[in-house]
Amino acid sequence: MAKDPVRVLVTGAAGQIGYALVPMIARGVMLGPDQPVILHMLDIPPAAEALNGVKMELVDAAFPLLKGVVATTDAVEACTGVNVAVMVGGFPRKEGMERKDVMAKNVSIYKSQASALEQHAAPNCKVLVVANPANTNALILKEFAPSIPAKNITCLTRLDHNRALGQISERLGVQVSDVKNAIIWGNHSSTQYPDVNHATVKTPAGEKPVRELVADDAWLNGEFISTVQQRGAAIIKARKLSSALSAASSACDHIRDWVLGTPEGTFVSMGVYSDGSYNVPAGLIYSFPVTCKNGEWSIVQGLSIDEFSRKKLDLTAAELSEEKDLAYSCLS
């Protein structure tokens with residue numbers, strides 16, 4: 001039996017990440033090679049012509065799984081009936097802007113998009129926020145879409161997770177597919193903590209801890225962490241544009257694992273609503289190690305946290321609490 005199409009919303013679809021993302025979704029990279037999709041693409045009115053160009057290209061690519069395209073500047077039309085929403089659109093920080101200015105712009109965007117999703121999306125819609133500040137944008141969205149379950153609102157830290165796997169694979173000269181269980185804790189910002197204490201590498205002699213194989217704690221506790229934290233800035237410097245291809249690819253990874261499940265024994269990083277696990281304040285959207293099954297994520301429990309890690313977890317939580325206060329001050 002052919003499956004019913006899934007409606008996938010991409011906001012900011014005419015932008016760099018959107019342009020990289022929509023063909024991946026249409027090819028089945030996000031939801032699987034046998035899952036038909038209908039793409040809903042939203043952008044702002046000044047980008048309407050570019051958005052129409054993207055729609056023309058999707059038609060021209062003749063993707064077998066793509067069963068329809070909605071390209072619109074109207075949030076209600078874009079959100080109607082969607083099962084998965086990937087929120088890429090946001091207001092980028094421009095030179096000379098204070099954090100509060102960026103936050104205020106994004107709070108108003110996410111407040112209005114949340115209302116459209118709240119009223120028009122499919123009942124169990126899964127939401128992934130990509131636009132920065134991703135964790136706090138997701139929190140605002142949760143506030144203004146109360147009927148969407150809190151567990152269905154997530155933010156993207158899979159990009160950082162994949163960056164961490166990539167750095168380890170380069171350092172050890174191994175296939176990235178043989179490295180697993182790195183963790184990104186906290187905020188999708190430069191305070192995030194890329195943690196390799198539970199990460200392993202598949203070797204001919206079985207799975208070995210990353211720490212043991214790298215055998216260089218100074219690198220793992222120093223340069224490795226700062227490289228992952230600063231990777232986005234390094235790409236902007238090199239490309240003169242922010243990471244788009246890798247962001248799009250990791251958004252697909254995030255949704256695919258959430259919907260189709262994580263492999264046995266593997267955990268991934270997702271920004272999710274904190275329940276107080278690992279003494280992270282409840283009520284923040286915070287990146288944790290998770291496993292996914294039957295369309296639900298669960299935080300991996302019982303991992304040991306050393307003193308070095310504890311400080312890092314608390315530092316990024318403090319930044320998120322501060323961002324949360326800043327966002328709420330923009331609402332009043």
ask   = When you look at Glu223 and Arg171, which way does the side-chain contact (heavy atoms from CB on, under 4.5 Å) test go after all the steps?
value = CA-CA 12 Å; Glu223 192 187 327; Arg171 175 79 179 198; 5.6 Å; no
inquiry  = Applying side-chain hydrogen bond (donor to acceptor under 3.5 Å, both in side chains) to Asn135 and Glu323, what does each step give before you reach the verdict?
reply    = CA-CA 9 Å; Asn135 301 57; Glu323 272 189 20; over 6 Å; no
task = Start with the C-alpha distance between Asp195 and Lys312, add both sets of side-chain angles, then the distance that settles salt bridge (charged side-chain N to carboxylate O under 4.0 Å, His left out), and finish with yes or no.
result = CA-CA 9 Å; Asp195 174 5; Lys312 299 279 190 195; over 6 Å; no
task = Might you work through the side-chain contact (heavy atoms from CB on, under 4.5 Å) test for Leu117 and Leu9, ending with a clear yes or no?
result = CA-CA 10 Å; Leu117 284 169; Leu9 166 65; 4.2 Å; yes
ask   = Given Asp314 and Arg310, is the salt bridge (charged side-chain N to carboxylate O under 4.0 Å, His left out) satisfied, shown in steps?
value = CA-CA 6 Å; Asp314 293 345; Arg310 184 72 255 164; 2.9 Å; yes
request  = Applying side-chain contact (heavy atoms from CB on, under 4.5 Å), run through Lys111 and Leu331 and close with a yes or a no.
outcome  = CA-CA 9 Å; Lys111 189 176 166 181; Leu331 288 171; 4.1 Å; yes
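Side chains of Thr136 and Ile285 form no contact here, defined as non-hydrogen atoms less than 4.5 Å apart. Thr200 places a side-chain heavy atom less than 4.5 Å from the side chain of Lys180. For the pair Thr11 and Asp43, the minimum side-chain heavy-atom distance is 4.5 Å or more. Using a 4.5 Å heavy-atom cutoff, the side chains of Val300 and Ile183 are not in contact. Between Val86 and Met30, the closest side-chain pair of non-hydrogen atoms falls below 4.5 Å. Using a 4.5 Å cut-off on side-chain heavy atoms (C-beta onward), Ser274 and Phe288 make contact. Using a 4.5 Å heavy-atom threshold, the side chains of His161 and His254 count as separate. Taking the side chain as every heavy atom from C-beta outward, Tyr273 and Ile153 never approach each other to under 4.5 Å.
Taking all atoms of both residues into account, the shortest heavy-atom contact from Leu21 to Val88 is CD2-CG2, 4.2 Å. Val82 and Ala78 make their closest contact through CG1-O, 3.4 Å (heavy atoms, listed as atom of the first residue, atom of the second, distance). Heavy atoms only, all atoms of each residue included: Gly186 and Thr316 are closest at CA-CG2, 3.5 Å. Residue Val228 comes nearest to Ala164 through the heavy atom pair CG2-CA, 3.8 Å, listed as atom of the first residue, atom of the second, then distance. Of all heavy-atom pairs between Met270 and Cys292, the closest is SD-SG, 4.0 Å. Across all non-hydrogen atoms, the minimal contact from Val210 to Val201 is CG2-CG2, 3.7 Å.
Using a 4.5 Å cut-off between side-chain heavy atoms of Ile, Leu, Val, Met, Phe, Trp and Tyr, with links allowed through other members, Ile184 and Ile255 fall into the same hydrophobic cluster. When the side chains of ILVMFWY residues are joined at heavy-atom separations under 4.5 Å, either directly or via intervening members, Leu303 and Val280 end up in a single hydrophobic cluster. In this structure, Val102 is not a member of the same hydrophobic cluster as Ile17, with clusters built from ILVMFWY side-chain heavy atoms closer than 4.5 Å. Cluster membership check: Val22 does not share its hydrophobic cluster with Val70, using side-chain heavy-atom separations under 4.5 Å among Ile, Leu, Val, Met, Phe, Trp and Tyr. In terms of hydrophobic clustering, with Ile, Leu, Val, Met, Phe, Trp and Tyr side chains grouped at heavy-atom distances under 4.5 Å, Val290 and Val179 are assigned to a common cluster.
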Just distance, no hydrogens or angles: give the donor-acceptor pairs under 3.5 Å from side chains in residues 121-133, sequence neighbours left out.
unit_1	atom_1	unit_2	atom_2	d
Asn124	OD1	Asn152	ND2	2.9
Lys126	NZ	Gly295	O	3.0

Let me check something: any side-chain donor-acceptor pairs from residues 50-69 under 3.5 Å, sequence neighbours excluded? List them with distances.
unit_1	atom_1	unit_2	atom_2	d
Glu57	OE1	Tyr19	OH	3.4
Glu57	OE2	Tyr19	OH	2.8
Lys67	NZ	Pro64	O	3.0

Name each donor-acceptor pair under 3.5 Å that joins a side chain in residues 139-149 to protein atoms two or more places apart or in another chain, with its distance.
unit_1	atom_1	unit_2	atom_2	d
Glu143	OE2	Tyr328	OH	3.0
Ser147	OG	Glu118	OE1	3.0
Ser147	OG	Glu118	OE2	3.2

With a cut-off of 3.5 Å and sequence neighbours excluded, list every side-chain donor-acceptor pair involving residues 239-247.
unit_1	atom_1	unit_2	atom_2	d
Arg239	NH2	Gln16	OE1	2.9
Arg239	NH2	Ser242	O	3.1
Lys240	NZ	Lys237	O	2.6
Ser243	OG	Arg163	NH2	3.0

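From Tyr278, atom OH reaches atom OH of Tyr286 across 11.0 Å, with rounding to the nearest 0.5 Å. We find the CE-CG distance between Met87 and Asn106 to be 11.0 Å, quoted to the nearest 0.5 Å. To the nearest 0.5 Å, atoms CG (Leu156) and NE2 (His188) are separated by 6.5 Å. Going from atom CG of Leu159 over to atom CD1 of Ile235 covers 7.0 Å, rounded to the nearest 0.5 Å. In this structure, CD1 on Ile44 lies 9.0 Å from CZ on Phe91, to the nearest 0.5 angstrom. Going from atom OG of Ser249 over to atom CE of Met24 covers 5.0 Å, rounded to the nearest 0.5 Å.
For the pair Asn181 (side chain) and Pro289 (backbone), a donor-acceptor distance under 3.5 Å is absent. Although no hydrogens or angles enter the test, the distance criterion places a donor-acceptor pair under 3.5 Å between the side chain of Trp297 and the main chain of Lys151.
Remark: Glu212 pairs with no residue by the salt bridge (charged side-chain N to carboxylate O under 4.0 Å, His left out) rule, at least two apart or across chains.
Side-chain contact check for Ser277 and Gln301: at least one donor-acceptor pair (N or O, by modelled atom type) lies under 3.5 Å. Neither side chain, Asp160 nor Ser269, offers a donor N or O lying under 3.5 Å from an acceptor on the other. No side-chain donor-acceptor contact under 3.5 Å links Thr157 and Gln192. Side-chain polar atoms of Ser250 and Asp253 form no donor-acceptor pair below 3.5 angstrom. A donor-acceptor contact closer than 3.5 angstrom is absent between the side chains of Asp74 and Thr72. For the residue pair Ser298 / Lys293, no side-chain donor-acceptor distance below 3.5 Å is found, with atom types taken as modelled.
Heavy-atom neighbours of Lys105 NZ from other residues, nucleotides or ligands within 6.0 Å: at or below the threshold of 12. No more than 12 heavy atoms of other residues, nucleotides or ligands shown are found within 6.0 angstrom of CZ on Arg27. When the shell of 6.0 Å around CG of Asp4 is examined, it contains 12 or fewer heavy atoms from other residues, nucleotides or ligands. Annotation: Lys311, atom NZ; neighbour count of heavy atoms from other residues, nucleotides and ligands within 6.0 Å does not exceed 12.
Contacts classified as ring-ring contact (aromatic ring centres under 6.0 Å, His included) and involving residues 208-250 (residues at least two apart or in different chains) are given here: Trp219-Phe224.
Put simply, the residue from Thr227, Leu220, Leu165, Ile225 that forms a side-chain contact (heavy atoms from CB on, under 4.5 Å) with Pro194 is Ile225.
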